J.: 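After the structure tokens below, expect a handful of questions from me.
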Amino acid sequence: MNVLKNFEALFVATLGLACAANYVLDSGTATATEAQLIVARANAPAIAAAKDMQVVVVSAKRPSAEQKLQLLNDERKANASAKI
């Protein structure tokens, strides 16, 4: 039983040290080259899609509220009859 408590304490201490080390290493100020790299990435153009990529175009009208309600009622009737 003491071994498990010791492992738990060791784990918590290791986790705390890891979090502290991460905070210390990440909180340093960015150098000039890092800042330039960040700006360059922000201004970079987005990668364009391939020319032969397939595109699906859906040209359907959205159903109105009444049509949605009717479709929902039809679906409920179908599910109710399927359960019987």
Side-chain angles (χ1 to χ4, degrees):
M1 194 68 165
N2 277 338
V3 175
L4 291 177
K5 288 182 182 180
N6 290 337
F7 276 131
E8 183 181 2
L10 180 64
F11 175 75
V12 170
T14 305
L15 186 63
L17 288 173
C19 290
N22 187 27
Y23 178 75
V24 168
L25 291 175
D26 284 344
S27 66
T29 59
T31 62
T33 56
E34 290 174 345
Q36 290 171 351
L37 182 62
I38 292 170
V39 171
R41 285 184 182 167
N43 293 334
I47 298 172
K51 291 182 182 179
D52 59 344
M53 178 181 275
Q54 296 179 355
V55 178
V56 177
V57 178
V58 178
S59 59
K61 294 181 180 179
R62 291 181 178 256
S64 66
E66 294 169 355
Q67 291 171 333
K68 287 180 186 178
L69 186 59
Q70 183 62 38
L71 290 170
L72 183 62
N73 288 335
D74 292 343
E75 184 178 347
R76 286 180 182 162
K77 288 179 185 176
N79 287 339
S81 64
K83 289 181 182 178
I84 295 176

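Numbers for residues simply follow the sequence, beginning at 1. Keep in mind that what you see is a predicted model, and the values were worked out from it rather than measured.
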J.: With sequence neighbours left out, write down each residue that passes side-chain contact (heavy atoms from CB on, under 4.5 Å) with R76, or none if nothing qualifies.
T.: L72, N73
J.: Among all residues two or more places apart in sequence or in another chain, which pass the side-chain contact (heavy atoms from CB on, under 4.5 Å) test with Q67?
T.: P63, S64
J.: Using 0.5 Å steps for rounding, measure from the CG atom of N79 to the CG atom of D74.
T.: 11.0 Å
J.: Other than V57, what residues sit in its cluster of Ile, Leu, Val, Met, Phe, Trp and Tyr side chains whose heavy atoms are under 4.5 Å apart, directly or through others?
T.: V55
